[in-house]
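Can you read through this structure? Questions will come right after.
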2 protein chains.
Amino acid sequence: MIDAIRRAGHKITPQRLAIVGILAESQGHPSVEDIYEQVVEKFPTISLATVYRNIILVKSLGQVLELGFADGSNRYDGHKPYPHPHVVCVRCRKIIDPHLSSLTDMTREVSRETGFEIITHRLDFFGLCPECGSEKAEDLGEKVAGGRH
Amino acid sequence: MIDAIRRAGHKITPQRLAIVGILAESQGHPSVEDIYEQVVEKFPTISLATVYRNIILVKSLGQVLELGFADGSNRYDGHKPYPHPHVVCVRCRKIIDPHLSSLTDMTREVSRETGFEIITHRLDFFGLCPECGSEKAEDLGEKVAGGRH
DNA sequence: CTCCCTGCAAACTATTTGCACCGTC
DNA sequence: GACGGTGCAAATAGTTTGCAGGGAG
(Lines give C-alpha, C1' and ligand atoms only; values in the text may rest on other atoms or scores of the structure.)
Protein backbone atom coordinates (compact mmCIF):
# COMPACT_ATOMS: atom_id res chain seq x y z
CA MET A 1 0.00 0.00 0.00
CA ILE A 2 2.87 2.30 0.85
CA ASP A 3 4.45 1.31 -2.42
CA ALA A 4 1.30 2.13 -4.30
CA ILE A 5 1.33 5.60 -2.76
CA ARG A 6 4.99 6.14 -3.55
CA ARG A 7 4.53 4.86 -7.07
CA ALA A 8 1.73 7.34 -7.58
CA GLY A 9 4.18 10.08 -6.72
CA HIS A 10 3.00 10.96 -3.21
CA LYS A 11 5.17 11.60 -0.19
CA ILE A 12 5.30 9.38 2.84
CA THR A 13 4.71 11.43 5.95
CA PRO A 14 4.51 10.00 9.46
CA GLN A 15 0.81 10.85 9.67
CA ARG A 16 0.11 9.23 6.33
CA LEU A 17 2.05 6.18 7.39
CA ALA A 18 0.02 5.81 10.55
CA ILE A 19 -3.30 6.22 8.77
CA VAL A 20 -2.66 3.78 5.96
CA GLY A 21 -1.14 1.37 8.46
CA ILE A 22 -4.42 1.23 10.32
CA LEU A 23 -6.35 0.82 7.10
CA ALA A 24 -4.12 -1.92 5.81
CA GLU A 25 -3.89 -4.00 8.93
CA SER A 26 -7.18 -3.70 10.72
CA GLN A 27 -9.56 -6.59 10.35
CA GLY A 28 -12.37 -4.66 11.93
CA HIS A 29 -13.59 -2.28 9.22
CA PRO A 30 -12.78 0.91 11.13
CA SER A 31 -14.69 4.16 10.78
CA VAL A 32 -13.13 7.56 10.23
CA GLU A 33 -13.51 8.25 13.92
CA ASP A 34 -11.88 4.94 14.83
CA ILE A 35 -8.92 5.82 12.67
CA TYR A 36 -8.71 9.34 13.99
CA GLU A 37 -8.79 8.19 17.61
CA GLN A 38 -5.99 5.74 17.03
CA VAL A 39 -3.81 8.22 15.17
CA VAL A 40 -4.30 10.97 17.74
CA GLU A 41 -2.48 8.76 20.23
CA LYS A 42 0.70 9.14 18.22
CA PHE A 43 0.06 12.60 16.77
CA PRO A 44 -1.95 14.66 19.24
CA THR A 45 -2.21 17.61 16.85
CA ILE A 46 -3.43 15.70 13.81
CA SER A 47 -6.68 16.94 12.31
CA LEU A 48 -9.66 15.05 10.99
CA ALA A 49 -9.06 16.73 7.64
CA THR A 50 -5.79 14.88 7.30
CA VAL A 51 -7.48 11.59 7.99
CA TYR A 52 -10.13 12.33 5.39
CA ARG A 53 -7.57 13.43 2.82
CA ASN A 54 -5.53 10.29 3.22
CA ILE A 55 -8.52 8.03 3.04
CA ILE A 56 -9.49 9.75 -0.20
CA LEU A 57 -5.98 9.17 -1.48
CA VAL A 58 -5.81 5.44 -0.84
CA LYS A 59 -9.36 5.07 -2.03
CA SER A 60 -8.45 6.71 -5.32
CA LEU A 61 -5.58 4.24 -5.64
CA GLY A 62 -7.99 1.36 -5.16
CA GLN A 63 -6.22 0.29 -1.99
CA VAL A 64 -9.21 0.47 0.28
CA LEU A 65 -12.91 -0.38 0.06
CA GLU A 66 -15.30 2.21 1.37
CA LEU A 67 -18.55 1.01 2.90
CA GLY A 68 -21.06 3.80 3.19
CA PHE A 69 -24.21 3.07 5.13
CA ALA A 70 -27.68 4.45 5.10
CA ASP A 71 -27.27 6.41 8.31
CA GLY A 72 -24.26 8.23 6.90
CA SER A 73 -21.62 6.18 8.65
CA ASN A 74 -18.64 5.02 6.64
CA ARG A 75 -16.41 2.04 7.33
CA TYR A 76 -13.19 1.09 5.58
CA ASP A 77 -11.55 -2.16 4.55
CA GLY A 78 -7.96 -2.07 3.39
CA HIS A 79 -7.55 -5.77 3.90
CA LYS A 80 -9.83 -6.86 1.07
CA PRO A 81 -10.21 -3.72 -1.07
CA TYR A 82 -12.54 -5.35 -3.58
CA PRO A 83 -16.31 -5.88 -3.45
CA HIS A 84 -17.39 -8.65 -1.12
CA PRO A 85 -20.39 -9.36 1.11
CA HIS A 86 -20.63 -8.09 4.67
CA VAL A 87 -22.64 -9.02 7.70
CA VAL A 88 -23.42 -6.11 9.97
CA CYS A 89 -24.70 -6.25 13.54
CA VAL A 90 -27.35 -3.57 13.88
CA ARG A 91 -26.79 -3.40 17.63
CA CYS A 92 -23.01 -3.24 18.14
CA ARG A 93 -22.08 -2.33 14.57
CA LYS A 94 -19.61 -5.17 14.28
CA ILE A 95 -18.90 -6.15 10.66
CA ILE A 96 -17.63 -9.50 9.48
CA ASP A 97 -16.98 -11.11 6.10
CA PRO A 98 -18.98 -14.24 5.35
CA HIS A 99 -17.77 -16.76 2.81
CA LEU A 100 -20.28 -16.95 0.03
CA SER A 101 -20.38 -18.64 -3.29
CA SER A 102 -22.72 -18.06 -6.23
CA LEU A 103 -22.39 -14.27 -6.30
CA THR A 104 -20.71 -14.26 -9.69
CA ASP A 105 -23.52 -16.40 -11.04
CA MET A 106 -25.94 -13.85 -9.75
CA THR A 107 -24.05 -11.03 -11.44
CA ARG A 108 -24.23 -12.85 -14.74
CA GLU A 109 -27.94 -13.42 -14.27
CA VAL A 110 -28.53 -9.72 -13.61
CA SER A 111 -26.48 -8.72 -16.60
CA ARG A 112 -28.38 -11.03 -18.90
CA GLU A 113 -31.77 -9.90 -17.69
CA THR A 114 -31.23 -6.14 -17.55
CA GLY A 115 -28.70 -5.56 -20.32
CA PHE A 116 -26.52 -3.65 -17.84
CA GLU A 117 -22.78 -3.94 -18.00
CA ILE A 118 -22.16 -4.67 -14.32
CA ILE A 119 -19.07 -2.98 -12.88
CA THR A 120 -19.37 -3.69 -9.20
CA HIS A 121 -21.85 -4.63 -6.53
CA ARG A 122 -22.64 -4.35 -2.89
CA LEU A 123 -24.17 -7.02 -0.69
CA ASP A 124 -24.86 -6.50 2.99
CA PHE A 125 -26.78 -8.53 5.50
CA PHE A 126 -28.05 -6.85 8.63
CA GLY A 127 -28.94 -8.60 11.82
CA LEU A 128 -27.90 -9.44 15.35
CA CYS A 129 -24.57 -11.06 16.07
CA PRO A 130 -24.53 -14.00 18.49
CA GLU A 131 -23.47 -11.77 21.41
CA CYS A 132 -26.13 -9.10 20.82
CA GLY A 133 -28.78 -11.61 19.82
CA SER A 134 -28.88 -13.21 23.24
CA GLU A 135 -29.65 -9.90 24.92
CA LYS A 136 -33.07 -8.37 24.79
CA ALA A 137 -33.87 -6.41 21.64
CA GLU A 138 -35.71 -3.17 21.11
CA ASP A 139 -34.76 -0.22 18.94
CA LEU A 140 -33.68 -2.33 16.04
CA GLY A 141 -36.01 -2.02 13.10
CA GLU A 142 -35.75 1.45 11.66
CA LYS A 143 -32.61 2.74 10.20
CA VAL A 144 -31.15 -0.57 9.38
CA ALA A 145 -30.67 -1.25 5.73
CA GLY A 146 -31.50 1.78 3.92
CA GLY A 147 -31.27 5.40 3.65
CA ARG A 148 -28.23 7.03 4.75
CA HIS A 149 -27.87 10.09 6.41
CA MET B 1 -50.76 3.95 2.15
CA ILE B 2 -53.17 6.77 2.97
CA ASP B 3 -55.10 4.33 5.10
CA ALA B 4 -51.95 3.35 6.97
CA ILE B 5 -51.34 7.02 7.75
CA ARG B 6 -54.90 7.56 8.89
CA ARG B 7 -54.85 4.40 10.96
CA ALA B 8 -51.73 5.63 12.71
CA GLY B 9 -53.66 8.71 13.73
CA HIS B 10 -52.17 11.27 11.37
CA LYS B 11 -54.00 13.91 9.40
CA ILE B 12 -54.34 13.95 5.66
CA THR B 13 -53.25 17.30 4.32
CA PRO B 14 -53.05 18.19 0.64
CA GLN B 15 -49.26 18.39 0.80
CA ARG B 16 -49.03 15.02 2.48
CA LEU B 17 -51.36 13.54 -0.05
CA ALA B 18 -49.23 14.78 -2.91
CA ILE B 19 -45.98 13.52 -1.39
CA VAL B 20 -47.19 10.03 -0.54
CA GLY B 21 -48.92 9.85 -3.90
CA ILE B 22 -45.59 10.30 -5.64
CA LEU B 23 -43.94 7.76 -3.37
CA ALA B 24 -46.66 5.20 -3.86
CA GLU B 25 -47.04 5.42 -7.59
CA SER B 26 -43.63 6.18 -9.01
CA GLN B 27 -41.77 3.27 -10.51
CA GLY B 28 -38.59 5.29 -10.78
CA HIS B 29 -37.15 5.35 -7.25
CA PRO B 30 -37.35 9.14 -6.85
CA SER B 31 -34.96 11.20 -4.73
CA VAL B 32 -36.02 13.82 -2.20
CA GLU B 33 -35.29 16.49 -4.79
CA ASP B 34 -37.36 14.67 -7.41
CA ILE B 35 -40.29 14.58 -5.03
CA TYR B 36 -39.85 18.18 -4.00
CA GLU B 37 -39.74 19.38 -7.59
CA GLN B 38 -42.93 17.56 -8.44
CA VAL B 39 -44.78 18.79 -5.38
CA VAL B 40 -43.70 22.40 -5.85
CA GLU B 41 -45.71 22.43 -9.05
CA LYS B 42 -48.91 22.05 -7.08
CA PHE B 43 -47.80 23.82 -3.90
CA PRO B 44 -45.37 26.61 -4.73
CA THR B 45 -44.79 27.47 -1.07
CA ILE B 46 -44.06 23.97 0.18
CA SER B 47 -40.75 23.52 1.96
CA LEU B 48 -38.19 20.77 1.77
CA ALA B 49 -38.71 20.23 5.49
CA THR B 50 -42.25 19.10 4.82
CA VAL B 51 -41.07 16.62 2.22
CA TYR B 52 -38.51 15.23 4.64
CA ARG B 53 -40.99 15.03 7.48
CA ASN B 54 -43.49 13.11 5.40
CA ILE B 55 -40.89 10.72 4.07
CA ILE B 56 -39.86 10.02 7.65
CA LEU B 57 -43.49 9.39 8.50
CA VAL B 58 -44.21 6.84 5.79
CA LYS B 59 -40.84 5.24 6.36
CA SER B 60 -41.68 4.75 10.03
CA LEU B 61 -44.91 3.09 8.96
CA GLY B 62 -42.98 0.70 6.75
CA GLN B 63 -44.70 2.00 3.65
CA VAL B 64 -41.58 2.99 1.78
CA LEU B 65 -38.11 1.58 1.29
CA GLU B 66 -35.23 4.01 1.64
CA LEU B 67 -32.14 3.41 -0.44
CA GLY B 68 -29.19 5.37 0.85
CA PHE B 69 -26.08 5.41 -1.30
CA ALA B 70 -22.45 5.93 -0.64
CA ASP B 71 -22.36 9.44 -2.05
CA GLY B 72 -25.12 10.52 0.29
CA SER B 73 -27.95 10.38 -2.18
CA ASN B 74 -31.20 8.77 -1.10
CA ARG B 75 -33.82 7.20 -3.29
CA TYR B 76 -37.26 5.94 -2.31
CA ASP B 77 -39.45 3.05 -3.31
CA GLY B 78 -43.04 3.03 -2.17
CA HIS B 79 -44.00 0.46 -4.72
CA LYS B 80 -42.10 -2.45 -3.20
CA PRO B 81 -41.34 -1.29 0.36
CA TYR B 82 -39.45 -4.43 1.31
CA PRO B 83 -35.81 -5.41 0.70
CA HIS B 84 -35.07 -6.41 -2.86
CA PRO B 85 -32.11 -6.16 -5.24
CA HIS B 86 -31.47 -3.09 -7.37
CA VAL B 87 -29.45 -2.39 -10.45
CA VAL B 88 -28.09 1.15 -10.60
CA CYS B 89 -26.66 2.92 -13.62
CA VAL B 90 -23.59 4.81 -12.47
CA ARG B 91 -23.89 7.25 -15.35
CA CYS B 92 -27.55 8.30 -15.46
CA ARG B 93 -28.54 7.05 -11.99
CA LYS B 94 -31.45 5.06 -13.32
CA ILE B 95 -32.50 2.27 -10.94
CA ILE B 96 -34.37 -0.87 -11.91
CA ASP B 97 -35.47 -4.03 -10.12
CA PRO B 98 -34.05 -7.27 -11.45
CA HIS B 99 -35.78 -10.56 -10.84
CA LEU B 100 -33.49 -12.76 -8.83
CA SER B 101 -33.84 -16.09 -7.15
CA SER B 102 -31.60 -17.77 -4.58
CA LEU B 103 -31.30 -14.78 -2.27
CA THR B 104 -33.16 -16.49 0.53
CA ASP B 105 -30.82 -19.45 0.21
CA MET B 106 -27.93 -17.07 0.57
CA THR B 107 -29.43 -15.54 3.68
CA ARG B 108 -29.73 -18.96 5.26
CA GLU B 109 -26.14 -19.73 4.34
CA VAL B 110 -24.93 -16.51 5.97
CA SER B 111 -26.94 -17.16 9.07
CA ARG B 112 -25.57 -20.65 9.46
CA GLU B 113 -21.98 -19.61 8.97
CA THR B 114 -21.89 -16.46 11.10
CA GLY B 115 -24.42 -17.23 13.80
CA PHE B 116 -26.13 -13.91 13.07
CA GLU B 117 -29.87 -13.61 13.22
CA ILE B 118 -30.42 -11.91 9.85
CA ILE B 119 -33.09 -9.22 9.88
CA THR B 120 -32.73 -7.63 6.48
CA HIS B 121 -30.31 -7.20 3.63
CA ARG B 122 -29.29 -4.95 0.81
CA LEU B 123 -28.09 -6.02 -2.62
CA ASP B 124 -27.14 -3.53 -5.30
CA PHE B 125 -25.45 -3.98 -8.62
CA PHE B 126 -23.73 -1.01 -10.23
CA GLY B 127 -22.96 -0.65 -13.88
CA LEU B 128 -23.93 0.94 -17.14
CA CYS B 129 -27.43 0.64 -18.51
CA PRO B 130 -27.81 -0.27 -22.18
CA GLU B 131 -28.32 3.40 -23.17
CA CYS B 132 -25.30 4.72 -21.27
CA GLY B 133 -23.14 1.71 -22.08
CA SER B 134 -23.14 2.47 -25.77
CA GLU B 135 -21.74 5.94 -25.19
CA LYS B 136 -18.13 6.52 -24.35
CA ALA B 137 -17.23 6.12 -20.68
CA GLU B 138 -14.95 8.11 -18.44
CA ASP B 139 -15.56 9.32 -14.91
CA LEU B 140 -17.07 6.09 -13.73
CA GLY B 141 -14.90 4.22 -11.29
CA GLU B 142 -14.70 6.11 -8.05
CA LYS B 143 -17.67 6.74 -5.94
CA VAL B 144 -19.62 3.85 -7.21
CA ALA B 145 -20.43 1.20 -4.68
CA GLY B 146 -19.27 2.36 -1.47
CA GLY B 147 -19.00 5.09 0.91
CA ARG B 148 -21.57 7.55 1.05
CA HIS B 149 -20.56 10.80 1.46
C1' DC C 1 15.19 24.19 -2.43
C1' DT C 2 10.64 22.94 -4.14
C1' DC C 3 6.28 21.36 -3.59
C1' DC C 4 3.30 18.44 -1.28
C1' DC C 5 1.24 17.81 3.13
C1' DT C 6 -0.56 19.28 7.42
C1' DG C 7 -3.40 21.87 10.84
C1' DC C 8 -6.63 25.16 11.58
C1' DA C 9 -10.77 27.43 10.62
C1' DA C 10 -14.25 28.49 7.62
C1' DA C 11 -17.36 26.72 3.94
C1' DC C 12 -20.60 23.38 2.33
C1' DT C 13 -24.52 20.23 1.85
C1' DA C 14 -28.09 17.48 3.26
C1' DT C 15 -31.08 16.94 6.86
C1' DT C 16 -33.34 18.24 11.24
C1' DT C 17 -35.45 21.31 14.53
C1' DG C 18 -37.85 25.53 16.97
C1' DC C 19 -41.47 28.36 16.50
C1' DA C 20 -45.72 30.80 15.12
C1' DC C 21 -49.57 30.33 12.20
C1' DC C 22 -52.93 27.40 9.72
C1' DG C 23 -56.18 23.76 8.60
C1' DT C 24 -57.95 19.03 9.43
C1' DC C 25 -60.84 16.43 12.13
C1' DG D 1 -61.70 24.42 19.12
C1' DA D 2 -57.65 21.42 19.72
C1' DC D 3 -53.69 19.70 18.13
C1' DG D 4 -50.97 18.01 14.49
C1' DG D 5 -48.90 19.90 10.17
C1' DT D 6 -46.67 23.46 7.53
C1' DG D 7 -43.31 27.07 6.20
C1' DC D 8 -39.58 29.59 7.33
C1' DA D 9 -35.16 30.16 9.27
C1' DA D 10 -31.71 28.69 12.10
C1' DA D 11 -29.19 24.67 13.97
C1' DT D 12 -26.74 20.49 13.18
C1' DA D 13 -23.32 16.92 11.59
C1' DG D 14 -20.11 15.11 8.63
C1' DT D 15 -17.06 16.20 5.16
C1' DT D 16 -14.42 19.35 2.20
C1' DT D 17 -11.66 23.39 1.16
C1' DG D 18 -8.51 27.76 1.49
C1' DC D 19 -4.58 29.23 3.31
C1' DA D 20 -0.02 29.70 5.61
C1' DG D 21 3.68 27.32 7.61
C1' DG D 22 6.55 22.91 7.77
C1' DG D 23 8.92 18.81 6.21
C1' DA D 24 9.92 15.00 2.63
C1' DG D 25 12.48 14.13 -1.35
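Everything numeric in this text was worked out from a predicted model, so none of it was measured. Here is the naming used below: chain letters follow the sequence lines, and residue numbers restart at 1 for every chain.
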Nucleotide N/O of nucleotides 18-21 of chain C paired with protein N/O under 3.5 Å:
unit_1: C:dG18; atom_1: O6; unit_2: B:Arg53; atom_2: NH1; d: 3.4

| task | Only counting residues at least two apart or in another chain, list the ones meeting salt bridge (charged side-chain N to carboxylate O under 4.0 Å, His left out) with B:Lys94. | result | B:Glu131
| In whole angstrom, what separates A:Asn74's CG from D:dG14's P? | 11 Å
| Over how many whole Å does the gap from B:Asn54 atom CG to D:dG7 atom P extend? | 9 Å
| task | For B:Pro81, enumerate each residue passing the side chain to side chain contact (heavy atoms under 4.5 Å, CB included) test, keeping only those at least two apart in sequence or located in another chain. | result | none
| Rounded to the nearest Å, what distance is computed from the CG atom of residue A:Leu48 to the P atom of nucleotide C:dA10? | 16 Å
| request: Using whole Å, report how far CG of B:Asp34 lies from P of C:dA14. | output: 13 Å
| request: Please determine if a side-chain N or O atom of B:Gln15 lies less than 4.0 Å away from the OP1 or OP2 oxygen of D:dG7. | output: yes
| task | Provide, to the nearest angstrom, the distance between the CD1 atom belonging to B:Ile55 and the C1' atom belonging to D:dT6. | result | 15 Å
| Please give, in whole Å, the distance from C:dT16 C1' to A:Asp71 CG? | 15 Å
| For B:Ile56, the rest of its hydrophobic cluster, which grows through side-chain links under 4.5 angstrom | none
| Set of salt bridge (charged side-chain N to carboxylate O under 4.0 Å, His left out) partners for B:Asp124, sequence neighbours left out | B:Arg122
| query | Any side chain to side chain donor-acceptor pair (under 3.5 Å) pairs touching residues 10-28 of chain B, not counting sequence neighbours? | reply | B:Arg16-B:Asn54, B:Gln27-B:His79
| For atom CG of A:Leu17 and atom P of D:dG23, their distance in whole Å | 17 Å
| Which residues satisfy the salt bridge (charged side-chain N to carboxylate O under 4.0 Å, His left out) test with B:Asp34, sequence neighbours excluded? | none
| field | Single hit among A:Leu23, A:Ile95, A:Leu65 for side chain to side chain contact (heavy atoms under 4.5 Å, CB included) with A:Asp77 | value | A:Leu65
| request: Give me the residues of residues 40-47 of chain B where at least one heavy atom lies under 4.0 Å from an atom of DNA chain D, by number, or none. | output: B:Thr45, B:Ile46, B:Ser47
| request: If a pair satisfies ring-ring contact (aromatic ring centres under 6.0 Å, His included) and one of its residues is in residues 21-42 of chain A, list it, with sequence neighbours excluded. | output: A:His29-A:His86
For residues 41-49 of chain A, which side-chain donor-acceptor pairs fall under 3.5 Å, sequence neighbours excluded?
unit_1: A:Ser47; atom_1: OG; unit_2: A:Ala49; atom_2: N; d: 3.2
unit_1: A:Ser47; atom_1: OG; unit_2: A:Thr50; atom_2: N; d: 3.4

| field | Rounded interatomic separation in angstrom, taking CZ from B:Arg16 and C1' from C:dC25 | value | 13 Å
| Within residues 2-13 of chain A: residues closer than 4.0 Å to DNA chain D (heavy atoms) | A:Lys11, A:Ile12
| task | Check for a donor-acceptor pair, side chain of B:Thr114 on one end and backbone N or O of B:Val110 on the other, with a separation under 3.5 Å. | result | yes
| Residues that A:Arg108 engages under salt bridge (charged side-chain N to carboxylate O under 4.0 Å, His left out), provided they are two or more places apart | A:Asp105
